[in-house]
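The block underneath contains the structure these notes are about, expressed in structure tokens.
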There are 2 protein chains.
Amino acid sequence: MDTYGQFCPVALAAEVLTRRWTPLVIRELLCGSTRFNDLRRGVPRMSPSLLSTRLDELEVAGIVTRRVPEGSDHPEYRLTRAGEELRPIVEAMGVWGRRWTSGDLTDDELDPDLLMWDVRRRLDASKAPRGRTVVRFHFPDQPEARQSYWLVVEGHGEVDLCWHDPGHPVDLVVEAELATMTGIWVGDYRFDEVLERREVKLRGPSELRRSFPRWLGLSLFAAVARPA
Amino acid sequence: MDTYGQFCPVALAAEVLTRRWTPLVIRELLCGSTRFNDLRRGVPRMSPSLLSTRLDELEVAGIVTRRVPEGSDHPEYRLTRAGEELRPIVEAMGVWGRRWTSGDLTDDELDPDLLMWDVRRRLDASKAPRGRTVVRFHFPDQPEARQSYWLVVEGHGEVDLCWHDPGHPVDLVVEAELATMTGIWVGDYRFDEVLERREVKLRGPSELRRSFPRWLGLSLFAAVARPA
DNA sequence: CAGTATCCGATGCGATACTG
DNA sequence: CAGTATCGCATCGGATACTG
């Protein structure tokens with residue numbers, strides 16, 4: 001039984017929205033991911049079978065469409081109008097979560113893959129230097145396989161995330177503990193303050209070091225005011 | 001495991017909000033219910049033990065406080081500021097539910113107790129006649145125990161709902177099938193149109209029959225525009 | 001009125017492996 | 001890349017009864 005048996009529209013919406021992982025899948029779709037494996041990267045702890053199930057459910061609920069574009073054999077998941085109208089709910093959840101959940105990130109919540117996937121998405125390439133810029137993120141406190149990530153920012157707006165050295169010369173190195181970088185990302189710390197305390201280090205041309213914080217981007221909810 | 005292991009605030013909020021029944025309990029609290037048994041009336045299909053569990057969880061999450069007022073021995077549940085700030089989320093859920101879930105009420109969703117409990121809450125006593133007005137709702141298609149409800153509207157704003165004849169003379173009788181009355185309530189039908197089709201019947205002084213639809217009130221989401 | 005206690009069954013979901 | 005298949009446990013929550 002996954003119904004509430006109530007005519008109240010809040011209950012009807014809740015029947016869709018309160019299933020495990022569903023709000024996060026919708027968040028990913030709202031952020032623009034359309035491919036199965038891209039969605040997976042946004043919810044890495046969700047098993048692929050469950051993601052598949054949820055996408056089916058969302059399709060039945062009229063929130064998502066699945067289609068294979070002509071000339072491709074890779075399905076795309078997109079929000080319908082009904083799905084797009086879930087945005088205010090998910091955003092309000094984010095605002096509330098930022099304001100009212102404990103500010104301390106637990107170790108369990110730290111995940112460099114997820115962080116970098118988010119960074120890639122929010123990075124404002126239009127504010128980055130023209131031409132190609134390669135940024136290497138380095139998390140010295142992480143196991144080797146999770147220490148280095150490369151962002152390849154192309155001047156025309158494309159941003160690629162690499163888990164292995166793509167070979168291009170690195171223009172800027174960003175080094176910080178994962179908790180520090182994540183804290184900056186979610187808005188717990190201000191970049192300039194952390195930089196001053198040397199808890200994050202930038203290595204590269206001074207012009208690039210200066211401009212970087214302006215095109216890095218932060219979590220959508222980083223700027224939400226928290227209660228005193 | 002009831003955590004998502006993500007730093008994203010949407011996930012943090014979802015950990016609280018996506019447990020079964022929780023959004024509806026919060027809806028009840030937002031609507032002003034404070035007593036355990038009043039909350040139960042708003043979520044009649046939820047077992048008391050589960051309601052108790054949810055209230056505990058919400059207290060731990062900082063969303064609800066439980067206290068016994070001085071000079072009383074009846075506990076009251078109230079939303080904290082954090083809880084009150086869930087209102088935009090719950091309201092957005094209601095708006096979405098109204099716009100995008102199927103407009104057909106299933107039999108399963110019809111519940112005269114719940115409907116009348118809602119009606120009682122939303123009735124605008126300030127627009128009702130001065131003095132006491134007694135309205136009897138009658139649902140001829142329901143089993144005997146669920147056919148009649150009495151609303152005792154006191155001019156100063158109090159509204160009482162009775163499951164048995166309170167004895168006062170009845171000023172107005174409202175008769176309709178439950179599905180019809182519920183459809184009016186949620187905004188599927190307009191009162192005047194249904195009245196004209198004689199699918200709802202009012203018996204009482206003409207002045208009262210005329211004014212009644214104005215102080216009856218409707219679901220909070222009845223006026224939400226639905227997509228074409 | 002305001003809850004607890006107990007029981008038990010369904011199933012949700014995680015983990016892992018596998019496929020075209 | 002884009003999913004399925006399978007398995008099995010844990011737990012969620014429904015039902016009912018009971019208490020101070």
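Because the structure is a prediction, the values reported are computed rather than measured. The figures here come from the full heavy-atom set of this structure, side chains too, leaving out hydrogens, waters and symmetry mates. In the text below, chain A, chain B and the rest are named by the order of the sequence lines, each starting its count at 1.
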Inset, instruction - Using Watson-Crick or G-U wobble pairs with both distances under 3.5 Å, give me DNA chain D in dot-bracket, 5' to 3', with [ ] for crossers and | for pairs to another strand. - result: ||||||||||||||||||||
Measure the distance from [atom1] on [X] to [atom2] on [N] and round it to the nearest whole Å.
X       : N      : atom1 : atom2 : answer
A:Arg54 : D:dA2  : CZ    : P     : 20 Å
A:Leu55 : D:dT4  : CG    : P     : 10 Å
A:Trp21 : C:dT11 : CH2   : C1'   : 18 Å
A:Asp56 : D:dA5  : CG    : P     : 11 Å
A:Met46 : C:dC13 : CE    : P     : 9 Å

What's the closest nucleotide to the side chain of [X] if the choices are [options]?
X       : options               : result
A:Ser49 : C:dT4, D:dT6, D:dG3   : D:dT6
B:Pro75 : C:dA15, C:dG14, C:dA2 : C:dA2
A:Arg35 : D:dC1, C:dC13, D:dA15 : D:dC1
A:Tyr77 : C:dG3, D:dG3, C:dA5   : D:dG3
A:Arg40 : D:dG13, D:dG3, C:dT16 : D:dG3
A:His74 : D:dG3, C:dA15, D:dC1  : D:dC1
A:Leu50 : D:dT6, D:dA2, C:dC13  : C:dC13
B:Arg19 : D:dG3, C:dG3, D:dG13  : D:dG13

Inset, instruction - Check the pair B:Thr18 / A:Arg20 against side chain to side chain donor-acceptor pair (under 3.5 Å), numbers first and verdict last. - result: CA-CA 7 Å; B:Thr18 68; A:Arg20 184 156 171 78; over 6 Å; no
Legend entry - side-chain N/O B:Ser52 vs C:dT4 OP1/OP2, d < 4.0 Å: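 B:Ser52 to C:dT4 OP1/OP2: side-chain N or O found under 4.0 Å.
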Legend entry - Row check, B:Trp117 ring normal vs B:Arg120 NZ/CZ: under 6.0 Å, within 45°: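 Yes, a cation-pi geometry holds between B:Arg120 and B:Trp117.
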Inset, instruction - Check step by step if ring pair (Phe, Tyr, Trp, His ring centres under 6.0 Å) holds for A:Phe137 and A:Trp150. - result: CA-CA 6 Å; A:Phe137 283 75; A:Trp150 289 260; over 10 Å; no
Inset, instruction - Return each pair, listed once, that meets side chain to side chain donor-acceptor pair (under 3.5 Å) where at least one residue sits in residues 57-66 of chain B; pairs must be two or more places apart or across chains. - result: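 Of all non-adjacent pairs touching residues 57-66 of chain B, those that pass side chain to side chain donor-acceptor pair (under 3.5 Å) are B:Arg19-B:Glu57, B:Arg54-B:Glu57, B:Arg66-B:Tyr77.
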Legend entry - Pair A:Thr106, A:Asp108: side-chain N/O donor-acceptor within cut-off below 3.5 Å: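 No, no side-chain donor-acceptor pair sits under 3.5 Å.
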Inset, instruction - Without swapping roles, check the side chain of A:Ser52 against the backbone of A:Pro48 for a donor-acceptor pair under 3.5 Å. - result: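 Side chain of A:Ser52 to backbone of A:Pro48, a donor-acceptor pair under 3.5 Å: no, none is there.
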